A.B. asks: 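Okay, here's the structure, questions in a sec.
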There are 2 protein chains.
Amino acid sequence: MSSNYGNQMTTISDVAREAKVSTATVSRVLNKSDKVRSITRDRVNAVIRKLNFIPNVNALGLQRKKTKTVGLIFPDASAYYFAEIIQGINRHLSQNDHQILISSAHDEAEEIKIVNGFVKGGRIDGLIMMMPSANGNNGFKIPLAYEIPEVFISCEINAPRATTILLDNYNAAREMVEHLSRLGHKRIAFIHGGEHNYDARERYRGYVDGRRICQADEDVNLEVVGNFTESSGFQATLELMKCKPQPTAIFAANDAMAIGAIEAARALKLRVPSDLAIVGFDDISSAAYMDPALTTVHVPLRRLGRLAAEALLKNLNTDSAERTTEKIIIPLQHVIRRSCGSEQTVKSESF
Amino acid sequence: MSSNYGNQMTTISDVAREAKVSTATVSRVLNKSDKVRSITRDRVNAVIRKLNFIPNVNALGLQRKKTKTVGLIFPDASAYYFAEIIQGINRHLSQNDHQILISSAHDEAEEIKIVNGFVKGGRIDGLIMMMPSANGNNGFKIPLAYEIPEVFISCEINAPRATTILLDNYNAAREMVEHLSRLGHKRIAFIHGGEHNYDARERYRGYVDGRRICQADEDVNLEVVGNFTESSGFQATLELMKCKPQPTAIFAANDAMAIGAIEAARALKLRVPSDLAIVGFDDISSAAYMDPALTTVHVPLRRLGRLAAEALLKNLNTDSAERTTEKIIIPLQHVIRRSCGSEQTVKSESF
DNA sequence: TCAAAATATGTAAGCGATTACATTTGAATA
DNA sequence: TATTCAAATGTAATCGCTTACATATTTTGA
């Protein structure tokens, strides 16, 4: 049983002994202090290389109160979202010599517990949180009290001295409705992603406003609530098509539900887009390969991740008093494909 | 500039002072030692709760040589794979009070550097590596020298005292060919995933053997190399269909390439499955929703992740001398849908 | 050449925990 | 009540590193 780091950890003392200097000097070399004679520096560096010495992170963290580690919290749900964003974050952080500690939380109580452990345990220097279900008024207060830099992705907490990164869901959704309207649709249905989700709420808001602006039908029967899964999109569509008069277009709050909607249309022997136009949101990778290819809104998830990482790094060496409250909004672009029935801008998918 | 943990970190001394005991006693309470009088224990616990004390992880790591952290290395590539597996790992580890430090590496040199930093830096207690491109003979030696427990996912390094978890790609691929053969196909083409990938090589091996067993055509023109992307599947299919006589079935080494193949068939005005049967491997979530729904092999990625986490945890408190070399092979199941043209087992996709 | 100034290096305390060992406490026994 | 001994608690060293301060060395200038 038990075991320490297993093999011999080389420590700074080993290096000092071998190089015939004190640990202080080794430390100065490691930290690129300028007050070391170059001949000494070379000797120490040679030993460091020879022994393959890497400073112990725990000792560093204990002493410096910095761990070069960033915490990343995300909900269990959307694997695709998560995977893409984390890829963006990861790339940028590792290029800047920082590590990522991850954890997923189902609810806010769990989230608070995790963040609490990370921060008070001295594990992390900064925090990136993805929690679309949070909304300022449900008591999500604790993490904000900590004085490490924080970046919130897609949630509407108005966190002072933190950075919030949001997608411009509202305008993209409104413009999508306008696009459908220009194609002649009057009865444009919407499959909601669920009240508890920030992105979903914003997309819905864009839909409602777009519908009004275009003077399309404002029938509440044209709105059904799904939960971002294919099967909910399928069910929602069956529901919507019972409505009289039937909708001629369906706008799903994400691509997965749009795929379910297409499947449902097929089950109902409706042709997409001629009988029923269907559009989504996200531009997942398969959207371009489906039949018909899905008209949707492109969401640059990796870029989102990179922006989050950049924002965090910027604040990592900043005293909390100097930090500002920032909100970054990412504009979104439509990708017009076949499923909306528009022929005007059919981009040839470049294989 | 600068900043420590920001707000007051409560330390064990704060607790000791407040509870009027020594830090040793607080430590004993924290570690559930039985030699603390219950009245003292209660008093200390009350203070711990009152001050919201959480032990500093760096101090713990320095002292105990254990960080309750597991390193997770994966290649940059396959987001879907990664996301699913990590979800499985994450769930199991967090239930068992362990954190995950992630990093992605493009090549093995980078990988070695990262692992080296993690291990010698004292950051992690164990390691899970996903690196399908590794193969025992290309000098991937260094991580194996460390004495922390290791789990390798989908790679064929024969690591002593480590656990390797593999998918039963070979048999699943062979059986898929047999299935196509039973449907009457003689010219079964294969889109390879690339020589550098373990899963791809195994699937190819299964294809070759299946083809021979079924006495299907053994024409090298029926084999094209792709790279696991949709577009490579598209290109590969255009290539394959130039072959005379044309293949009547295409087996793609993963679903993404199968999707590209279907797209290509569509471009060539071929109907799937009547003109050309197409099958994939992975069972990605959209496979069931495509048109036609994709016949494929289901790969239980989350379970794979959980198994990896379990295997690692099991070894975490085991001395390296007591560790055994283990190999876990996960059997795979086919999912027969429409794209292969089989009507015998069409499972109704349950919405 | 020698003192003063400037620069390089060493010494030792401390970061926040654990733990071997020493000491105190209190219950049991005579 | 005094004595003994086990149980409870405290003291201080330690983990690997940084850094203020002390000391040693080199450089500079007269």
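Order of the sequence lines sets the chain letters (A, B, ...), proteins ahead of strands, with each chain counted from 1. Since we're looking at a predicted model, the values are computed, not measured.
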A.B. asks: Phosphate oxygens OP1/OP2 of C/dG16: is one of them under 4.0 Å from a side-chain N or O of A/K65?
C.D. replies: yes
A.B. asks: Taking the side chain of B/R28 as heavy atoms from C-beta outward, which of D/dC17, D/dG10, C/dG10 is closest to it?
C.D. replies: D/dG10
A.B. asks: Answer yes or no: does a side-chain N or O of A/N58 lie under 4.0 Å from OP1 or OP2 of D/dC17?
C.D. replies: no
A.B. asks: In whole angstrom, what separates B/R37's CZ from C/dT25's P?
C.D. replies: 11 Å
A.B. asks: If you compare every side-chain N and O of B/S13 against the phosphate oxygens of C/dG16 (OP1, OP2), does one of them come in below 4.0 Å?
C.D. replies: no
A.B. asks: Do B/Q63 and D/dT14 have a side chain to base donor-acceptor pair shorter than 3.5 Å?
C.D. replies: yes
A.B. asks: Using distance alone, with no hydrogens and no angle criterion, decide if B/R123 and A/T69 have a side-chain donor and acceptor under 3.5 Å apart.
C.D. replies: yes
A.B. asks: Of all the nucleotides listed (D/dT18, C/dG16, C/dT18), which has the minimum atom distance to the side chain of A/T23?
C.D. replies: D/dT18
A.B. asks: If we only count heavy atoms from C-beta on, is the B/V119 to B/I124 side-chain gap below 4.5 Å?
C.D. replies: yes
A.B. asks: Is the distance from OP1 or OP2 of C/dG10 to the nearest side-chain N or O of A/S22 less than 4.0 Å?
C.D. replies: yes
A.B. asks: The side chain of A/I12 is closest to which nucleotide in this list: C/dT18, C/dA8, D/dT18?
C.D. replies: D/dT18
A.B. asks: Of the candidate nucleotides D/dC17, C/dA17, C/dG10, which contains the atom at the shortest distance from the side chain of A/P55?
C.D. replies: D/dC17
